[in-house]
Amino acid sequence: MGERVKDGDTVRVHYTGRLDDGTEFDSSRDGDPLEFRVGAGEVIAGFDDAVRGMADGETKTVRVAPEDGYGERHEQMVTAIPREGMHLDAEPKEGMTLLMQLPDGNELPVSITEVTDTHVTLDANHPLAGQQLTFDVTLVEHEE
């Protein structure tokens, strides 16, 4: 299998993702490889771009800009709501993630970023929005 990865191929990769300060935010190294179809929008664009052209067994390090990752941060996606309007099973705490029901029936994960006596601040940005990401990627195998 000397072929290189192209769109439509199914790949299995091991990866480790780091932020610019060295913080590791995700890794597959202690589990099964991540499997996805290249070019199908199953992963962030920068990850698709990273594996295109790789050969089985190859390892590389790639940097992914926010626009090819989880997008830029949008302050309009941060809002403070009155505590009295929230019906939570537990006391709200910074760092908690909630699923908000959208009018179309979908759910949106939001993070609690601040809790006061009167309000809870919710952030609907992806936690990695606005971040430069670095991935160490090893192509375990691929098939057409």
Side-chain angles (χ1 to χ4, degrees), residues 1-83 85-115 119-144:
M1 249 212 211
E3 295 294 311
R4 297 203 170 263
V5 173
K6 62 190 177 315
D7 281 355
D9 290 356
T10 297
V11 297
R12 279 170 286 292
V13 300
H14 271 301
Y15 68 92
T16 300
R18 294 184 313 282
L19 302 177
D20 282 349
D21 67 3
T23 303
E24 187 177 300
F25 63 84
D26 196 11
S27 180
S28 67
R29 303 274 178 204
D30 293 332
D32 293 328
L34 172 66
E35 181 175 303
F36 64 95
R37 198 160 43 95
V38 179
E42 296 173 7
V43 295
I44 59 172
F47 212 83
D48 257 344
D49 292 344
V51 300
R52 259 186 219 103
M54 286 182 77
D56 290 359
E58 184 179 348
T59 297
K60 71 189 211 186
T61 299
V62 295
R63 292 210 13 105
V64 176
E67 60 268 20
D68 293 324
Y70 294 96
E72 297 292 348
R73 280 190 56 76
H74 298 286
E75 287 311 310
Q76 66 268 31
M77 294 177 72
V78 179
T79 187
I81 62 171
R83 279 182 75 140
M86 296 186 71
H87 304 288
L88 298 174
D89 297 335
E91 182 65 20
K93 292 186 178 29
E94 284 183 30
M96 283 176 74
T97 299
L98 308 173
L99 287 176
M100 294 208 45
Q101 191 78 32
L102 299 175
D104 65 5
N106 286 320
E107 292 181 323
L108 176 69
V110 296
S111 299
I112 297 176
T113 56
E114 185 181 14
V115 177
H119 286 78
V120 175
T121 302
L122 302 176
D123 186 347
N125 284 289
H126 188 281
L128 296 173
Q131 300 272 357
Q132 289 276 343
L133 310 175
T134 300
F135 290 97
D136 298 318
V137 182
T138 301
L139 180 62
V140 176
E141 61 184 345
H142 79 285
E143 58 196 41
E144 292 184 25

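Separating the OG1 atom in Thr10 from the CD atom in Glu144 is a distance of 10.5 Å, to the nearest 0.5 Å. Note that CD of Gln131 is 11.0 Å distant from NE2 of His126, once rounded to the nearest 0.5 Å. Within the model, atoms OG1 of Thr59 and CG of Leu139 stand 9.0 Å from one another, a figure rounded to the nearest 0.5 Å.
Remark: the backbone N or O of Ala55 is paired with a side-chain donor or acceptor of Glu58 at under 3.5 angstrom. Put simply, the side chain of Asn125 gets close to the backbone of His74: a donor and an acceptor are under 3.5 Å apart. Although no hydrogens or angles enter the test, the distance criterion places no donor-acceptor pair under 3.5 Å between the side chain of Thr16 and the main chain of Asp26.
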For salt bridge (charged side-chain N to carboxylate O under 4.0 Å, His left out), just list the numbers for Glu91 and Lys93, CA-CA rounded to whole Å, side-chain angles, deciding distance to a tenth of an Å, and then say yes or no.
CA-CA 6 Å; Glu91 182 65 20; Lys93 292 186 178 29; over 6 Å; no
Begin with the C-alpha distance, continue with both residues' side-chain angles, and end with the deciding distance and a verdict on side chain to side chain contact (heavy atoms under 4.5 Å, CB included) for Glu107 and Gln101.
CA-CA 5 Å; Glu107 292 181 323; Gln101 191 78 32; 3.7 Å; yes
Under the side chain to side chain contact (heavy atoms under 4.5 Å, CB included) criterion, do Met77 and Val110 qualify, and how do the steps go?
CA-CA 9 Å; Met77 294 177 72; Val110 296; over 6 Å; no
Please determine whether side chain to side chain contact (heavy atoms under 4.5 Å, CB included) holds for the pair Thr79 and Thr121, giving the CA-CA distance in whole Å, both sets of side-chain angles, and the decisive distance to 0.1 Å.
CA-CA 6 Å; Thr79 187; Thr121 302; over 6 Å; no
With side chain to side chain contact (heavy atoms under 4.5 Å, CB included) as the test, would you mind laying out the steps for Val120 and Thr113 before giving the verdict?
CA-CA 8 Å; Val120 175; Thr113 56; over 6 Å; no
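Closest heavy-atom contact between Gly41 and Asp48: N-OD2, 4.0 Å. Residue Gly39 comes nearest to Asp7 through the heavy atom pair CA-OD1, 3.8 Å, listed as atom of the first residue, atom of the second, then distance. When every heavy atom of Ile112 is checked against every heavy atom of Pro92, the shortest pair comes out as CD1-CB, 3.8 Å. When all heavy atoms of Ala124 and Leu108 are compared, the pair lying nearest together is CB-CD2, 3.6 Å.
Salt-bridge annotation for Asp136 and Lys60: absent, with no side-chain N of the basic residue lying under 4.0 Å from a carboxylate O of the acidic one. Ion pair Arg12/Glu141 flagged as a salt bridge, since at least one NZ, NE, NH1 or NH2 atom sits closer than 4.0 Å to an Asp/Glu carboxylate oxygen.
The closest side-chain heavy-atom distance from Val13 to His142 is not below 4.5 Å. A 4.5 Å side-chain heavy-atom check between Phe135 and Thr61 finds every atom pair outside the cut-off. You'll find the side chain of Ile81 reaches within 4.5 Å of the side chain of Met86, heavy atoms only. Residues Phe25 and Leu133 are in side-chain contact: their nearest non-hydrogen atoms beyond the backbone lie under 4.5 Å apart. Residues Val38 and Val51 have side chains in contact (heavy-atom distance under 4.5 Å, counting atoms from C-beta outward). In this structure the side chain of Arg29 reaches within 4.5 angstrom of the side chain of Thr138, judged on heavy atoms. Proximity of Thr23 to Arg18: side-chain heavy atoms (C-beta onward) are nowhere separated by under 4.5 Å. Within the 4.5 Å cutoff, the side chain of Arg83 has heavy atoms near those of the Val115 side chain.
Open room surrounds CG on Asp30; 12 or fewer heavy atoms of other groups in view lie less than 6.0 Å from it. Sparse packing is recorded around CG of Asp89, with 12 or fewer heavy atoms of other residues, nucleotides or ligands lying under 6.0 Å away. Annotation for Asn106: atom CG counts as buried by contact number, over 12 foreign heavy atoms lying within 6.0 Å.
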Would you list the atom pairs, donor with acceptor, under 3.5 Å between side chains in residues 63-70 and any protein atom, with sequence neighbours excluded?
residue	atom	partner	partner atom	Å
Arg63	NH1	Asp20	OD1	2.7
Arg63	NH1	Thr134	OG1	3.2
Arg63	NH2	Gln132	OE1	3.2

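Residues His14 and Ser28 bring a donor and an acceptor atom of their side chains to less than 3.5 Å of each other.
Not counting sequence neighbours, the partners of Asp9 by the salt bridge (charged side-chain N to carboxylate O under 4.0 Å, His left out) test are Lys6.
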